[in-house]
Number of protein chains: 2
Amino acid sequence: MDHRENALTIGRLAAMVGVNVETIRFYQRKGFLREPLRPPGGVRHYTPADAARVKFIKSAQRLGFSLDEIRHLLRLDEGMQCDAAAQLAAQHLGDVRRRLQDLRRIEATLANLLEQCGQGGGKVTCPLIVALYADEMKKDYGSGP
Amino acid sequence: MDHRENALTIGRLAAMVGVNVETIRFYQRKGFLREPLRPPGGVRHYTPADAARVKFIKSAQRLGFSLDEIRHLLRLDEGMQCDAAAQLAAQHLGDVRRRLQDLRRIEATLANLLEQCGQGGGKVTCPLIVALYADEMKKDYGSGP
DNA sequence: CTTACTGCCGTACTAAAGTACGGAGTCAAT
DNA sequence: ATTGACTCCGTACTTTAGTACGGCAGTAAG
């Protein structure tokens, strides 16, 4: 009773979640998706659960998790260990906040530089470039990765 | 009168700016650094200007410019075209702000999720994981790349 | 029956920004 | 003069997240 008409083939699954077919195959190779049921013909067909899983992956990526982190999350999902997931997420939140700080600093610097660029009408040297060269004095190299 | 004692060799330059020797060579291959003076022996030695240039690159990277963008910046530097540099920077500022927005959204979501994780003491399902699965409903796939 | 469309598969390729390696050559000091 | 550290050079490898390619098989329509 598995009328193949509306079977969820790889192509349909891919279209459904908005990814490339190759991406599905890639996830499978990497173990993010289990090998789905495969009736005699050899054509895999997927379940809505598979679609959900891929969507999960994509959602987590949108939240900035790497595939490696997502792999953990999925493992946790299998066991539903809330606290472990929360810990992972907390760690990730820390990362996100650090990146946020960096970006804010960058934004301020760039905006500032651009403002100066606009102002100095008669100056010969570009404040942006000068600032980048000057920046070297204010940073300590060797501490950062 | 180039007493080799304190000549800026590749190793010293690298240590000075806090990068790997191979990175210097890499920059050279990619045209970010000109081939430096090379007295008979074959050992390059660099000038403080080279160090400044590498530091420029690293500073710009800290501001989130890619090497490709930095290449432009450096070309502009050679001609000191302030307005072109400003335009490039403005464009980049736009990028930075977009990334900032994304990150802020991510931060809010994660923080929210974590808060819920802490609250629900007796719940079986993890809000984080559930939310990631649920997230699929709120996003439109197919519009983004 | 032929053409077209999918699906399946392994393999190879992409981009970015380096890192690592192995065999020479060179330099300063012991 | 020989050691040990450093340089030079080209080539190959790394990571992340996929994409692309080319050949073959099964199904559906004309």
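Order of the sequence lines fixes the chain letters, A, B, ..., with proteins taken first and strands second; residue numbering starts at 1 for each chain.
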Nearest-nucleotide 5' precedence on DNA chain C, Glu35(A) against Ile57(B): Glu35(A)

Determine: side-chain N/O of Thr23(A) to OP1/OP2 of dA17(D), distance under 4.0 Å, yes or no. no

Would you say the side chains of Thr47(B) and Asp50(B) form a donor-acceptor pair under 3.5 Å? yes

Presence of Lys58(B) side-chain N/O under 4.0 Å of dG18(C) phosphate oxygens OP1/OP2: yes

Rounded distance (Å) that lies between atom P of dT16(D) and atom CZ of Phe65(A): 17 Å

Arg25(B) side chain, from C-beta outward: closest of dT11(D), dC8(C), dT19(D): dT11(D)

For Arg12(A) and dC5(C), is the shortest distance between a side-chain N/O and OP1 or OP2 below 4.0 Å? no

Spacing between Arg71(A) atom CZ and dG18(D) atom C1', to the nearest angstrom: 14 Å

Nearest of dA20(D), dT7(D), dC8(C) to any side-chain atom of Glu22(A)? dA20(D)

Think Tyr27(B) has a side-chain N or O under 4.0 angstrom from the OP1 or OP2 of dG18(C)? yes

Of the options dA17(D), dC9(D), dG7(C), whose atoms approach the side-chain atoms of Ile10(A) most closely? dG7(C)

Reckon Gln61(B) has a side-chain N or O less than 4.0 Å from the OP1 or OP2 of dG18(C)? yes

Rounded to the Å, how far apart are Phe26(A) CZ and dT11(C) P? 16 Å

Looking at Arg44(A), does any N or O in its side chain come under 4.0 Å of the phosphate oxygens OP1/OP2 on dC8(C)? yes

Measure the distance from CG on Leu8(B) to P on dC6(D) and round it to the nearest whole Å. 15 Å

Can a cation-pi geometry be assigned to Arg71(A) and Phe32(A), taking NZ or CZ under 6.0 Å from the six-membered ring centre and within 45° of the ring axis? yes

Within the pair Ser66(A) and dT16(D), is there a side-chain N or O less than 4.0 Å away from OP1 or OP2? no

Rounded to the Å, how far apart are Lys30(B) NZ and dC9(D) C1'? 16 Å

Rounded to whole angstrom units, what separation is found between the CD atom of Gln28(A) and the P atom of dG18(D)? 15 Å

Starting at CD1 of Ile24(B) and ending at C1' of dA17(C), how long is that distance when rounded to a whole Å? 14 Å

Non-hydrogen atoms of Leu88(A) and Glu69(A) that approach each other most closely: CD2-O, 4.1 Å

Before you tell me yes or no, could you show the steps for Arg97(B) and Leu93(B) under side chain to side chain contact (heavy atoms under 4.5 Å, CB included), namely the whole-Å CA-CA distance, both residues' side-chain angles and the distance that decides it to 0.1 Å? CA-CA 6 Å; Arg97(B) 285 187 169 146; Leu93(B) 182 55; 3.7 Å; yes

In this structure, how many angstroms lie between the P atom of dT14(C) and the CG atom of Asn20(A), rounded? 17 Å

Thr9(A) side chain, from C-beta outward: closest of dA17(D), dA12(D), dG7(C): dG7(C)

Strictly by modelled atom types, are Asp95(A) and Gln91(A) linked by a side-chain donor-acceptor pair under 3.5 Å? no

